[in-house]
Amino acid sequence: MTARLVVLVSGSGTNLQAILDAAADPSYGARVVAVGADRDDIEGLRRAERAGIPTFVAKVGDHTSREYWDRALADKVGAFEPDLVVLAGFMKLVGDKFLARFGGVTLNTHPALSPSFPGMHGPRDALEYGVKVTGATLFVVDAGVDTGAIVAQAVVPVEDDDSVETLHERIKVAERAMLVESVGRMAREGFAVDGRRVRLGG
Ligand code: GAR
């Protein structure tokens, strides 16, 4: 059975594109059934439109509270009956209502090696700290900020002349490969979350 993915984006959507490209091969085991965003007019949504995939937008500002937005987002995602929800550069924290429905099957990718440098500025914070390696982390979303159980990590060296931009771009190359590989395996082989440990395969 091909797993149904809903992907949420806030920006350029290169991680989304990597999944779309992989999923063009039916043997990948997963297909993107919808792409959602928290803002309009972004390249991530245009990538979905070019691929002929339905899109939706749920903006925080269109709702009277964060909680109503969270519920509306969950409803929009739920309409596509996903097996997995992938946050791919989605710059909002999902809340209780969302996690009540999709907790355990929502993945997020973060541009740092958790538990280091959580939050919105993983590459900048790693560079400022002076670490020599950083990377990307795929995790099962929980109520914290980038704290969920880890599915996969990819290590990336920090170069002496890196800027935030060059470092983030190098991270994103490794991140896309990790995301495609892990989501495909989770779709094809299944996975189990046991406390903080995530095991791929039956
Ligand atoms: C990715 O590096 C992703 O890890 C990061 O945004 C980038 C999105 O790139 N997400 C976060 O920092 C979430 N806190 P993309 O839009 O080209 O896929």
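All residue numbers refer to positions in the sequence shown, counting from 1. Owing to the predicted nature of the structure, the values given are computational and were not obtained by experimental measurement. Hydrogens, waters and symmetry mates play no part in the numbers below; they use all other heavy atoms, side chains included. Order of appearance sets the numbers: ligands from 1, and atoms from 1 within every ligand.
If you check which protein heavy atom lies closest to atom 9 (O) of ligand 1, you get Lys172 NZ, 3.2 Å. Closest protein heavy atom to atom 5 (C) of ligand 1: Pro111 CD, 3.8 Å. Looking from atom 1 (C) of ligand 1 to the surrounding protein, the closest heavy atom is Glu175 OE1, 3.2 Å. Gly13 N, 2.7 Å is the protein heavy atom nearest to atom 16 (O) of ligand 1.
Cluster annotation: Met178 and Leu113 are assigned to distinct hydrophobic clusters (Ile/Leu/Val/Met/Phe/Trp/Tyr, side-chain heavy-atom contacts under 4.5 Å, transitive). Side-chain heavy atoms closer than 4.5 Å link hydrophobic residues (I, L, V, M, F, W, Y) into clusters, and following such links, even through other members, never connects Val151 to Val156. Cluster annotation: Leu84 is connected to Leu138 through the hydrophobic network of ILVMFWY side chains, with a link wherever side-chain heavy atoms come within less than 4.5 Å.
The contact set between ligand 1 and His168, taken as ligand atoms under 4.0 Å from a residue heavy atom, comprises 1 (C), 2 (O), 7 (C). When each atom of ligand 1 is checked for a heavy atom of Gly89 under 4.0 Å away, the hits are 6 (O), 8 (C), 10 (N). Every atom of ligand 1 is numbered from 1 in the order shown, and the set under 4.0 Å from a heavy atom of Ser12 is 15 (P), 16 (O), 17 (O). Listed by atom number, the atoms of ligand 1 under 4.0 Å from Thr109 heavy atoms are 3 (C), 4 (O), 10 (N). Every atom of ligand 1 with a heavy atom of Gly119 under 4.0 Å away is listed here by number and element: 14 (N).
With respect to the salt-bridge test (charged N to carboxylate O, under 4.0 angstrom), the residues Glu81 and Arg4 do not qualify. Look at Glu175 and Arg170 and you find no salt bridge, because none of the NZ, NE, NH1 or NH2 atoms lies under 4.0 Å from a carboxylate O.
Between the side chains of Asp142 and Thr147, at least one donor N or O sits under 3.5 Å from an acceptor N or O. Under the 3.5 Å distance criterion, with hydrogens and angles disregarded, no donor-acceptor pair is assigned to the side chains of Glu43 and Ser12.
Relative orientation of the Phe56 and Phe80 rings is parallel, given thresholds of 30° and 60° on the angle between their planes.
Note: no N/O pair closer than 3.5 Å links Leu16 and ligand 1 by distance alone. Looking at Asp146 next to ligand 1, no N or O pair under 3.5 Å apart turns up. Between Asn108 and ligand 1, not a single N/O pair is under 3.5 Å apart.
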Exercise. Under the side-chain hydrogen bond (donor to acceptor under 3.5 Å, both in side chains) rule, what do Asp38 and Ser10 come out as? Steps first, then yes or no, please.
Key: CA-CA 6 Å; Asp38 63 326; Ser10 298; 2.8 Å; yes
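Closest heavy-atom approach to atom 11 (C) of ligand 1 among the candidates Met91, Glu43, His110: Met91.
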